[in-house]
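Shown next, in structure tokens, is the structure this report addresses.
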Amino acid sequence: MAITDKVVIITGASSGIGEATARQLASKGAKLVLGARREDKLQKLADEIVQAGGEAVYHFTDVTKIEDHNKVVVLAKEKFGRGDVIFLNAAVMPHSPLSKLKTKNWHLMVDVNIKGVLNGIEAVLPEFTKQKSGHVITTSSVAGLKAYPGGAVYGATKWAVRDLMEVLRMESAMEGTNIRTATIYPAAINTELLETISDDKMAKDMGIIYKQYGISPDRVANVVAFAIDQPEDTNVNEFTIGPTIQPW
């Protein structure tokens, strides 16, 4: 299995999709380097993976800071000798209509959802280029494929990630660095992301939708594992994931 012994860095690893992915990849023999801001949750997750026979280390990571990304890449090299995959999963979703002018949240989304991905790429790209292998995986959103009221800035950040990842794939192919990419577009997945919605009406409405349609984050973890598990000469670069019963 291609996942066995792969060294995988995961940001946003303390809950939701990141946590589910960490647990699944560890069960398949991957070596995990976990990053998030909630260090207590990271420690608990790493301890549970190790107690189950897996391998995992962690480091406090604020994805808006390039130095934090650099530290997790260094940790991967120190503990496991290299990095094979980085899963850039951290995000915030404080939805609100543009007319509410919640500009602080606009900048937060840009900092976490776009700059957080760029920081991860900046930290890992020199290593991946040097070893002529690597895999960059990001969590975008269905909001990166279709527009909807209240999600303008969030959607803009997720559209940006889509373009960024496709160009990274193209440039790697042109430069012969063998860096694979995968972009994931989740629909209604039950995670803590809903708790970041800042507009009360949108929070209530989306809460109802997710209660009706939402599925577990381990469904996304399955797809991350599938992407990593492909032969090195095969790149599967886009996945839209949502509930079978969700009609849009």
Side-chain angles (χ1 to χ4, degrees), residues 8-13 15-22 24-25 63 85-95 108-121 135-172 179-197 202 205-207 209-230 234-248:
V8 183
I9 299 167
I10 302 176
T11 65
S15 67
I17 291 170
E19 178 186 355
T21 301
Q24 177 152 164
L25 296 181
V63 297
V85 182
I86 188 165
F87 180 26
L88 301 168
N89 171 67
V92 292
M93 190 177 70
H95 281 338
L108 175 64
M109 283 184 275
V110 170
D111 287 344
V112 174
N113 300 355
I114 299 179
K115 291 181 182 178
V117 171
L118 285 170
N119 286 338
I121 291 172
H135 201 166
V136 180
I137 304 174
T138 58
T139 304
S140 179
S141 169
V142 290
L145 300 172
K146 59 182 75 176
Y148 56 89
V153 179
Y154 178 73
T157 65
K158 295 304 187 177
W159 278 88
V161 168
R162 181 187 189 193
D163 183 78
L164 175 63
M165 291 290 286
E166 177 62 2
V167 174
L168 175 60
R169 182 195 66 78
M170 295 168 71
E171 290 181 351
S172 172
I179 298 169
R180 300 191 295 170
T181 67
T183 306
I184 298 173
Y185 307 101
I189 310 296
N190 290 322
T191 73
E192 294 179 358
L193 200 60
L194 282 178
E195 298 173 12
T196 69
I197 297 176
M202 289 203 69
D205 290 347
M206 291 195 74
I209 290 170
Y210 274 62
K211 185 175 182 180
Q212 180 177 358
Y213 296 110
I215 56 176
S216 167
D218 67 291
R219 306 301 194 262
V220 181
N222 291 337
V223 176
V224 176
F226 174 81
I228 296 172
D229 204 29
Q230 299 309 299
T234 303
N235 190 75
V236 282
N237 59 307
E238 290 192 303
F239 300 92
T240 303
I241 308 167
T244 302
I245 62 171
Q246 186 176 342
W248 70 90

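Basis for what follows: all heavy atoms, side chains included, without hydrogens, waters or symmetry-related copies.
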First locate atom [atom1] of [X], then atom [atom2] of [Y], and finally report the distance between them rounded to the nearest 0.5 Å.
X	Y	atom1	atom2	result
Phe239	Asn222	CZ	CG	11.5 Å
Ile10	Glu19	CD1	CD	10.5 Å
Glu195	Met93	CD	CE	10.5 Å
Arg180	Ile228	CZ	CD1	8.0 Å
Met170	Leu168	CE	CG	11.0 Å
Phe87	Ile184	CZ	CD1	4.5 Å

Check for a donor-acceptor pair, side chain of Ser172 on one end and backbone N or O of Arg169 on the other, with a separation under 3.5 Å.
-> no

Sub-3.5 Å donor-acceptor pair from the side chain of Ser140 to the main-chain atoms of Lys158, do we have one?
-> yes

Between [X] and [Y], what is the shortest heavy-atom contact and its length?
X	Y	answer
Thr191	Pro217	CG2-CB, 4.2 Å
Ala187	Gln246	CB-OE1, 3.4 Å
Tyr210	Asn190	O-OD1, 3.5 Å
Ala225	Gln24	CB-OE1, 3.8 Å
Pro186	Ile17	CG-CD1, 4.2 Å
Ile245	Tyr213	O-CE2, 3.3 Å

Contact between [X] and [Y] at the side-chain level, heavy atoms closer than 4.5 Å - yes or no?
X	Y	value
Ile121	Leu164	yes
Ile189	Ile215	yes
Val63	Asn119	no

Can you name the one residue among Asn89, Val117, Thr11, Asn113 that meets side chain to side chain contact (heavy atoms under 4.5 Å, CB included) with Thr138?
-> Val117

Show the numbers, then the answer: is there a side-chain contact (heavy atoms from CB on, under 4.5 Å) between Val92 and Asp111?
-> CA-CA 10 Å; Val92 292; Asp111 287 344; over 6 Å; no

Stepwise, does the side-chain contact (heavy atoms from CB on, under 4.5 Å) test hold for Tyr185 with Arg162?
-> CA-CA 9 Å; Tyr185 307 101; Arg162 181 187 189 193; 3.0 Å; yes

Check against side-chain contact (heavy atoms from CB on, under 4.5 Å), Met165 and Asn237 = CA-CA 9 Å; Met165 291 290 286; Asn237 59 307; over 6 Å; no

Yes or no on side-chain contact (heavy atoms from CB on, under 4.5 Å) for Gln230 and Asn235, after CA distance, side-chain angles and deciding distance?
-> CA-CA 7 Å; Gln230 299 309 299; Asn235 190 75; over 6 Å; no

